[in-house]
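Encoded as structure tokens, the structure appears first; notes follow it.
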Amino acid sequence: MKNLASMGLKYENKRLLVLNQQVLPQQEEWIISNTIDEMIQIIKTLKVRGAPLIGVAAALALAQYAEQEETTAKQIINAANQLKQARPTAVNLSFCIDRLLACYQKSNADRQVLIKEAEIVFEEDAKLCHDIINHGEKLIAKNDSVLTHCNTGGLVTTGIGTALGIIIHSHKQGKNPHVFVDETRPLLQGGRLTAWECVKNGISHQIICDNMAASLMREGKINKIFVGADRIAANGDFANKIGTYNLAVLAYYHKIPFYVAAPYTTVDLQCKTGKDICIEERHPDEIKGVMGAFGKVTWSPQESQVYNPAFDVTPVDLITAIILDSGCYSPLQFQQTFSF
Ligand code: MRU
């Protein structure tokens, strides 16, 4: 496979490297993935994360495995199936792996075809960001005050990002957006990673706790909301990081435009509505304390039970528009395009 490089993922001289998102921004640590099992662990532990990037990372891991002459076709197919199960909610993971497998099988198990397809997946992801931004940029006006949730920038794509990509682009255009960054409990993708990307890009921003959004909206401090997605159903309902639904309800009440940005690889027409989307549940320790570069701190009683869904589903009627690489769709336009 040829050398490939993005903000959070690299293939360099036959080494697959991942920027460890669990320890950012305290440490910028690149870790090496040598095997399928290692990549599965990297995905499960969110060292690589975000819907588009877990798909691309898994694709590169499979291609790296296929590069080893001794691996058989049966082993490649088994590895693909294991990778697909690493996390359940973001459809991009199975989409990318199925795409590689389809090419591989169509070519009578030509491993070079699979490897080439992984390169295409990597490069296409950056282009998709560019196309999303082209459709989304007009939605941001000069001096807008924008709220975003989780992390949807260069760390989770091979390009500039999706929802955060639109914001970064508008900043580069001189529109001077101010960003309220939801910290995004429990794993703080906003407070750690989106804030880090804002700092890197010189974007004016303030981190807020997730429970502050309502009063900021009432005070008129937020005039647009941009989020990403992990899976968009055919009717436009979508799954994204837990807390997104809260924001959508609040935005609806306060009449604030609410935008979802994602590549076509996030749309799953097999899911008719959000009810068909499988929501990942994660380990109780994520809620009972914090983990990461600062070590592990637990504050809840050991005996306490925890419910930790990593994502929620936002119904389509709360969305102003869905921004894909192919265009910007109102809910009705989205349904007319994808539902029938
Ligand atoms: O659990 P994570 O950090 O992988 O969740 C990520 C999100 O929910 C993102 O908002 C989503 O994947 C879109 S990334 C462009």
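One-based numbering, in listed order, for ligands and for the atoms of each. All values derive from a computational prediction rather than experimental measurement.
Annotation for ligand 1: atoms under 4.0 Å from non-hydrogen atoms of Ala51 are 12 (O), 14 (S). Heavy-atom contacts of Val156 reach the following atoms of ligand 1: 14 (S), 15 (C) (cutoff under 4.0 Å). Those atoms of ligand 1 that come under 4.0 Å of a heavy atom in Phe311, given as number and element, are 1 (O), 5 (O), 8 (O). Residue-ligand proximity, Gln189 to ligand 1, at heavy-atom distances under 4.0 Å covers atoms 1 (O), 2 (P), 3 (O).
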For residues 298-309, run the donor-acceptor check on the side chains, cut-off 3.5 Å, and write out each pair with its distance to 0.1 Å, sequence neighbours left out.
unit_1, atom_1, unit_2, atom_2, d
Asn308, ND2, His283, O, 3.0
Asn308, ND2, Glu286, OE1, 3.1

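Using a 4.0 Å cutoff on heavy atoms, Pro52 counts as a contact of ligand 1. For Ala229, the heavy-atom gap to ligand 1 drops under 4.0 angstrom.
In Cys150, the part holding a heavy atom less than 4.0 Å from any atom of ligand 1 is the side chain. Under 4.0 Å from ligand 1, the heavy atoms of Arg87 that appear belong solely to its side chain.
Looking from atom 11 (C) of ligand 1 to the surrounding protein, the closest heavy atom is Asp230 OD1, 3.2 Å. Summary of contacts: the protein heavy atom closest to atom 3 (O) of ligand 1 is Arg49 NE, 2.5 Å. Summary of contacts: the protein heavy atom closest to atom 5 (O) of ligand 1 is Lys241 CE, 3.3 Å. Of the protein's non-hydrogen atoms, Thr162 OG1, 3.2 Å is the one closest to atom 15 (C) of ligand 1. At the top of the distance list for atom 9 (C) of ligand 1, counting protein heavy atoms only, stands Asn240 OD1, 3.4 Å.
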Item to check | Stepwise side-chain hydrogen bond (donor to acceptor under 3.5 Å, both in side chains) check, Gln206 with His178 | outcome: CA-CA 8 Å; Gln206 287 169 297; His178 180 73; 2.8 Å; yes

Item to check | Derivation and outcome, ring-ring contact (aromatic ring centres under 6.0 Å, His included), residues Phe311 and Tyr245 | outcome: CA-CA 9 Å; Phe311 302 94; Tyr245 175 46; over 10 Å; no

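If you check the side chains of Asn223 and Ser145, you find no donor sitting under 3.5 Å from an acceptor. In summary, the side chains of Lys275 and Thr273 do not present any donor paired with an acceptor at a separation below 3.5 Å, with no hydrogens or angles considered.
Classification of Asp98 and Lys84 as a salt-bridged pair holds, one side-chain N sitting under 4.0 Å from a carboxylate O.
Scored by the salt bridge (Lys or Arg N to Asp or Glu O under 4.0 Å) test, Glu183 finds no partners at all (sequence neighbours excluded).
Under the 6.0 Å cut-off for aromatic ring centres, Phe338 and Tyr264 do not qualify, their centroids lying 6.0 Å or more apart.
Tested against Glu280 for a salt bridge (charged side-chain N to carboxylate O under 4.0 Å, His left out), the candidates Arg231, Arg87, Lys241 yield a single pass: Arg87.
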